[in-house]
*Asks:* 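Below are the structure tokens for one structure; questions will follow.
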Amino acid sequence: MKADFTNLPFRPADILLPQGCDYDKWAVVACDQYTSQPEYWQRVEERVGRAPSALRLILPESSLDGPQVEMDIMDINATMARYVREGRFKTLPGALIYVERTLDNGKVRRGLVGMADLKDYDYEPGSDALIRATEGVVMPRIPPRVAVRKNAPIELPHAMLLTDDPGRTVIEPLAAQTASMELLYDFDLMERGGHLKGWRLGEAQLAQVAGALSALAQPAAFNARYGTERQPVMLFAVGDGNHSLATAKECYERQKRLNPPEKWDSLPARFTLCELVNLHDDSLGFEPIHRVVFHTEPDALLDALIRAFPGARRGAGSVEDGLSLRYVSAGGEGVITLPRSAAQLPVGALQGFLDDYLMSHKGRVDYIHGEAVAREFAARPGNLAFLLPPMDKRELFPTVIHEGALPRKTFSMGEPHDKRFYLEARKIR
């Protein structure tokens with residue numbers, strides 16, 4: 001049976017794999033990690049040295065505000081073009097890649113690398129698209145990312161889409177079929193990244209995946225699953241890379257403005273490479289993303305937080321009392337309890353307050369993975385960390401379907417070293 005992905009928002013792609021290089025130096029972690037830890041990226045720089053690497057094709061977000069960012073972007077695009085010209089990549093036409101990532105903790109995360117159709121993706125609030133954002137997109141964060149992508153000849157993905165497949169019908173059956181698939185790579189990742197293996201799907205596996213996704217996309221099955229009536233199907237949620245997908249969407253819209261409508265569907269920019277993962281994968285845990293405010297006055301900020309929410313107070317309360325926010329600074333730690341009416345989630349109330357407060361007070365906020373790192377920053381004078389609770393991953397799809405996108409940076413799929421590493425690429429021009 002021939003695979004039919006015609007009406008699906010995820011499908012095979014012409015995937016580029018690097019060749020003639022050491023994969024353990026080529027593959028580097030997503031660019032939006034370790035933004036306040038430049039020493040991480042310095043270690044990666046030293047490890048890679050002069051070897052061909054995806055490090056030369058990305059711009060770590062810690063460098064987005066750097067003094068030479070425009071020159072950095074030009075160098076990245078020139079290196080992309082040179083790698084393509086030199087035959088650095090081999091092309092796998094019409095491919096899906098089944099991947100097994102053995103994480104640093106020993107658990108195995110399974111996924112599928114293919115491309116998402118940006119016609120079926122929308123990050124606007126209240127979207128009813130097949131692919132929906134899980135967090136609010138901060139529009140000022142899009143232009144610098146567009147600057148990196150708009151003239152790039154290729155893309156390297158760190159976005160991960162989630163499918164709600166409790167029956168494990170799409171990805172998991174492939175694990176028993178690897179003997180009949182072509183092994184493409186098998187190597188260790190740097191910096192506690194674990195181990196990565198990837199196989200190219202054959203025709204039988206492609207048809208199997210298309211059939212399973214089509215079944216999940218049936219409106220009747222969707223509405224039965226979530227207790228809704230005649231609701232538009234949400235097949236995928238963006239797990240990692242919300243702003244990456246929003247940037248790809250914006251670049252596609254720009255390309256559409258430069259081309260007649262009859263060419264829109266055939267534009268390479270219509271699609272973006274990503275990895276599909278099952279929300280129910282045993283390795284997949286949701287970790288909180290903490291907030292650290294740098295170069296501020298912690299006591300003044302905490303006092304302003306209490307004033308911003310009538311009824312807020314210092315000290316912990318019960319779940320029924322309100323929303324608890326744990327904080328840490330060089331002066332100590334404690335809890336502020338906000339009234340339950342402040343927001344659905346503690347992160348929603350906190351993020352809105354910080355956005356307003358930092359418009360008129362000194363300081364900057366960063367989003368930190370891992371409580372130990374957040375506490376390390378908080379121990380320095382002038383810094384204040386808010387330690388947020390984790391979110392139950394089972395709440396994700398129902399919350400987005402019924403209430404829309406979550407506050408930005410509500411959750412993280414694993415620790416920073418568990419994030420997707422850049423390996424595969426795709427031509428977008």
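Here the structure is a predicted model, which means the values were calculated and not measured.
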*Asks:* Between V29 and E191, is any pair of side-chain heavy atoms under 4.5 Å apart?
*Replies:*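 Sidechains of E191 and V29: no contact.
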*Asks:* Short question: side chain of R109, backbone of D418 - any donor-acceptor pair under 3.5 Å?
*Replies:*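 A pair under 3.5 Å: yes.
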*Asks:* Excluding sequence neighbours, so at least two apart, what forms side chain to side chain donor-acceptor pair (under 3.5 Å) with T272?
*Replies:*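 In terms of side chain to side chain donor-acceptor pair (under 3.5 Å), with neighbours along the sequence ignored, T272 is linked to E155.
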*Asks:* In the structure I gave you, are the side-chain heavy atoms of F411 and K393 within less than 4.5 Å of one another anywhere?
*Replies:*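 F411 vs K393: side chains apart.
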*Asks:* Apply the test salt bridge (charged side-chain N to carboxylate O under 4.0 Å, His left out) to residues R314 and D303: give CA-CA distance (whole Å), side-chain angles for both, the deciding distance (0.1 Å), then the verdict.
*Replies:* CA-CA 9 Å; R314 290 181 185 263; D303 288 341; 3.2 Å; yes
*Asks:* Would R11 and L8 count as a side chain to side chain contact (heavy atoms under 4.5 Å, CB included) if you check the C-alpha gap in whole Å, the side-chain angles of each, and the deciding distance to 0.1 Å?
*Replies:* CA-CA 7 Å; R11 60 186 67 181; L8 292 170; 5.7 Å; no
*Asks:* Between D282 and R168, does any side-chain N to carboxylate O distance fall below 4.0 Å?
*Replies:*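 A salt bridge links D282 with R168.
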*Asks:* Do R429 side-chain atoms and K150 backbone N/O form a donor-acceptor pair below 3.5 Å?
*Replies:*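 A pair under 3.5 Å: yes.
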*Asks:* Evaluate the criterion side chain to side chain donor-acceptor pair (under 3.5 Å) for residue pair Y422 and H158; output intermediate values, then yes/no.
*Replies:* CA-CA 6 Å; Y422 299 107; H158 73 257; 2.8 Å; yes
*Asks:* Test your reading of the model: is there a side-chain donor-acceptor pair from Q205 to the backbone of G202, 3.5 Å cut-off?
*Replies:*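 Yes; judged by distance alone, with no hydrogens or angles, the pair exists.
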*Asks:* Once side chain to side chain donor-acceptor pair (under 3.5 Å) is applied, do any residues pair with D164, and if so which ones, sequence neighbours excluded?
*Replies:*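 With neighbours one apart ignored, the set is Y226, H280.
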*Asks:* Using modelled atom types only, decide if a donor and an acceptor are shared between the side chain of H290 and the backbone of L388 within a distance under 3.5 Å.
*Replies:*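 Indeed, once roles are kept as given, a pair shorter than 3.5 Å links the two residues.
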*Asks:* Scan for ring-ring contact (aromatic ring centres under 6.0 Å, His included) pairs involving residues 11-30, sequence neighbours excluded, and state none if there are none.
*Replies:*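 Every pair satisfying ring-ring contact (aromatic ring centres under 6.0 Å, His included) with a residue in residues 11-30: Y23-F187, W26-Y83, W26-F89.
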*Asks:* How about E45 and Y40: does a side-chain donor come under 3.5 Å of a side-chain acceptor?
*Replies:*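 Absent: no donor and acceptor within the cut-off.
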*Asks:* In chain order, what residues pass the ring pair (Phe, Tyr, Trp, His ring centres under 6.0 Å) check against F294, with sequence neighbours excluded?
*Replies:*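 Partners of F294 by the ring pair (Phe, Tyr, Trp, His ring centres under 6.0 Å) criterion, ordered by chain and then number, come out as F377.
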*Asks:* Answer yes or no: is there a donor N or O on one side and an acceptor on the other, between the side chain of N259 and the main chain of W264, under 3.5 Å?
*Replies:*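 No.
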*Asks:* Measure the shortest side-chain to side-chain distance between L161 and L245 over non-hydrogen atoms and say whether it is less than 4.5 angstrom.
*Replies:*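 Side-chain contact under 4.5 Å: yes.
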*Asks:* Using every non-hydrogen atom in the two residues, find where L338 and A312 come nearest and quote the distance to one decimal.
*Replies:*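 Closest heavy-atom pair between L338 and A312: CD2-CB, 3.8 Å.
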*Asks:* Does the Lys NZ or Arg CZ of K256 fall within the cation-pi geometry relative to Y252 - under 6.0 Å from the ring centre and within 45° of the axis?
*Replies:*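 Relative to the ring axis of Y252, which defines the angle, K256 lies inside both limits.
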*Asks:* So does M80 get a backbone contact from the side chain of R88, meaning a donor-acceptor N/O pair under 3.5 Å?
*Replies:*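 No, the answer is negative, given that no donor and acceptor are paired below the 3.5 Å cut-off.
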*Asks:* For a 4.5 angstrom cut-off between non-hydrogen side-chain atoms, does L130 reach F236?
*Replies:*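 Sidechains of F236 and L130: no contact.
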*Asks:* Are a donor atom and an acceptor atom from the side chains of Y367 and R408 found within less than 3.5 Å of each other?
*Replies:*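 A donor-acceptor contact under 3.5 Å links the two side chains.
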*Asks:* Rounded to the nearest 0.5 Å, what separates atom CD1 in I368 from atom OH in Y34?
*Replies:*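 These two atoms lie 11.5 Å from each other.
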*Asks:* Using side chain to side chain contact (heavy atoms under 4.5 Å, CB included), reason through L96 and F10 one step at a time and then give a plain yes or no.
*Replies:* CA-CA 10 Å; L96 287 181; F10 180 82; 3.8 Å; yes
*Asks:* Ignoring hydrogens, what is the shortest heavy-atom contact between P9 and L235? Give both atom names and the distance.
*Replies:*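 Looks like CD-CD2, 3.8 Å.
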*Asks:* To the nearest 0.5 Å, what is the distance between NZ on K197 and CD1 on I97?
*Replies:*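 Rounded to the nearest 0.5 Å, the NZ-CD1 separation comes out at 14.5 Å.
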*Asks:* Just wondering, do I428 and R149 contact through their side chains at under 4.5 Å, heavy atoms?
*Replies:*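 Yes, side chains in contact.
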*Asks:* Taking only residues two or more places apart in sequence, or in another chain, which ones meet T169 in a side chain to side chain donor-acceptor pair (under 3.5 Å)?
*Replies:*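 In terms of side chain to side chain donor-acceptor pair (under 3.5 Å), with neighbours along the sequence ignored, T169 is linked to D165.
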*Asks:* Taking atom CD of E415 as the centre, does the number of heavy atoms from other residues, nucleotides or ligands within less than 6.0 Å exceed 12?
*Replies:*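 Result for CD/E415: enclosed.
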*Asks:* Check whether any side-chain N or O of R364 sits under 3.5 Å from a backbone N or O of T296 as a donor-acceptor pair, and report yes or no.
*Replies:*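 No, the answer is negative, given that no donor and acceptor are paired below the 3.5 Å cut-off.
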*Asks:* Does S283 have any side chain to side chain donor-acceptor pair (under 3.5 Å) partners at least two apart in sequence or in another chain, and if so, which?
*Replies:*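 Scan of S283 (side chain to side chain donor-acceptor pair (under 3.5 Å), adjacent residues dropped) gives D281.
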*Asks:* Apply the test salt bridge (charged side-chain N to carboxylate O under 4.0 Å, His left out) to residues R254 and E250: give CA-CA distance (whole Å), side-chain angles for both, the deciding distance (0.1 Å), then the verdict.
*Replies:* CA-CA 6 Å; R254 288 181 174 219; E250 175 58 26; 3.4 Å; yes
*Asks:* Given side chains that start at C-beta, do those of E424 and L273 come closer than 4.5 Å, heavy atoms only?
*Replies:*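 A side-chain contact under 4.5 Å exists here.
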*Asks:* With no hydrogens and no angle check, is any side-chain donor or acceptor of K249 less than 3.5 Å from a backbone partner on D122?
*Replies:*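 Pair absent, no side-chain N/O of K249 close to backbone of D122.
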*Asks:* Using side chain to side chain contact (heavy atoms under 4.5 Å, CB included), reason through L216 and T163 one step at a time and then give a plain yes or no.
*Replies:* CA-CA 9 Å; L216 286 178; T163 184; 3.6 Å; yes
*Asks:* Decide whether Q255 and R270 meet the rule of one side-chain donor and one side-chain acceptor closer than 3.5 Å.
*Replies:*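 Distance-only check fails for Q255 and R270.
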*Asks:* Strictly by modelled atom types, are K427 and T91 linked by a side-chain donor-acceptor pair under 3.5 Å?
*Replies:*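 There is no such pair between these side chains.
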*Asks:* Any chance you could measure D120, atom CG, to R132, atom CZ, to the nearest 0.5 Å?
*Replies:*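 Atom-to-atom, D120:CG and R132:CZ are 11.5 Å apart.
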*Asks:* Does the side chain to side chain contact (heavy atoms under 4.5 Å, CB included) test come out yes or no for Y327 and L350, once each step is laid out?
*Replies:* CA-CA 11 Å; Y327 65 85; L350 176 63; over 6 Å; no
*Asks:* Atom CZ in R420, atom CE in M413: separation rounded to 0.5 Å?
*Replies:*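 Answer for the CZ-CE pair, R420 versus M413, is 10.5 Å.
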*Asks:* Under 3.5 Å, is there a donor-acceptor pair between the side chain of S127 and the main chain of Y123?
*Replies:*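 Such a contact is absent between S127 side chain and Y123 backbone.
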*Asks:* Does the side chain to side chain donor-acceptor pair (under 3.5 Å) test come out yes or no for S329 and N383, once each step is laid out?
*Replies:* CA-CA 6 Å; S329 72; N383 293 350; over 6 Å; no
*Asks:* Between atom CD of E395 and atom OG1 of T410, what is the distance when rounded to the nearest 0.5 Å?
*Replies:*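 Interatomic distance, E395 CD to T410 OG1, rounded to 0.5 Å: 11.0 Å.
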*Asks:* What I'd like to find out is whether the side chain of V28 reaches to under 4.5 Å of the side chain of L189, using heavy atoms alone.
*Replies:*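 Counting from C-beta outward, V28 and L189 never come under 4.5 Å.
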*Asks:* Measure the SG-CG distance between C274 and D240 for me, rounded to the nearest 0.5 Å.
*Replies:*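 Result: 12.0 Å between the selected atoms.
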*Asks:* Closer than 3.5 angstrom, by distance alone: can the side chain of E135 be matched with the main-chain N or O of K409 as a donor-acceptor pair?
*Replies:*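 Between the backbone of K409 and the side chain of E135 there is a qualifying donor-acceptor contact (under 3.5 Å).
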*Asks:* Got R145 and C31 here, is their nearest side-chain heavy-atom distance under 4.5 Å?
*Replies:*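 Not in contact.
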*Asks:* With a 4.0 Å cut-off, would you call R394 and D392 a salt bridge?
*Replies:*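 Salt bridge flag = yes for D392 with R394.
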*Asks:* Apply side chain to side chain donor-acceptor pair (under 3.5 Å) to E61 and Q33, showing your working.
*Replies:* CA-CA 8 Å; E61 292 200 3; Q33 302 302 304; over 6 Å; no
*Asks:* Determine, step by step, whether H195 and D186 satisfy the side chain to side chain donor-acceptor pair (under 3.5 Å) criterion, reporting the C-alpha distance in whole Å, the side-chain angles of both residues, the deciding distance to 0.1 Å, and the verdict.
*Replies:* CA-CA 7 Å; H195 190 89; D186 183 356; 2.3 Å; yes
*Asks:* Please determine whether a side-chain nitrogen of the Lys or Arg among E39 and R43 lies less than 4.0 Å from a carboxylate oxygen of the Asp or Glu.
*Replies:*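 Salt bridge absent between E39 and R43.
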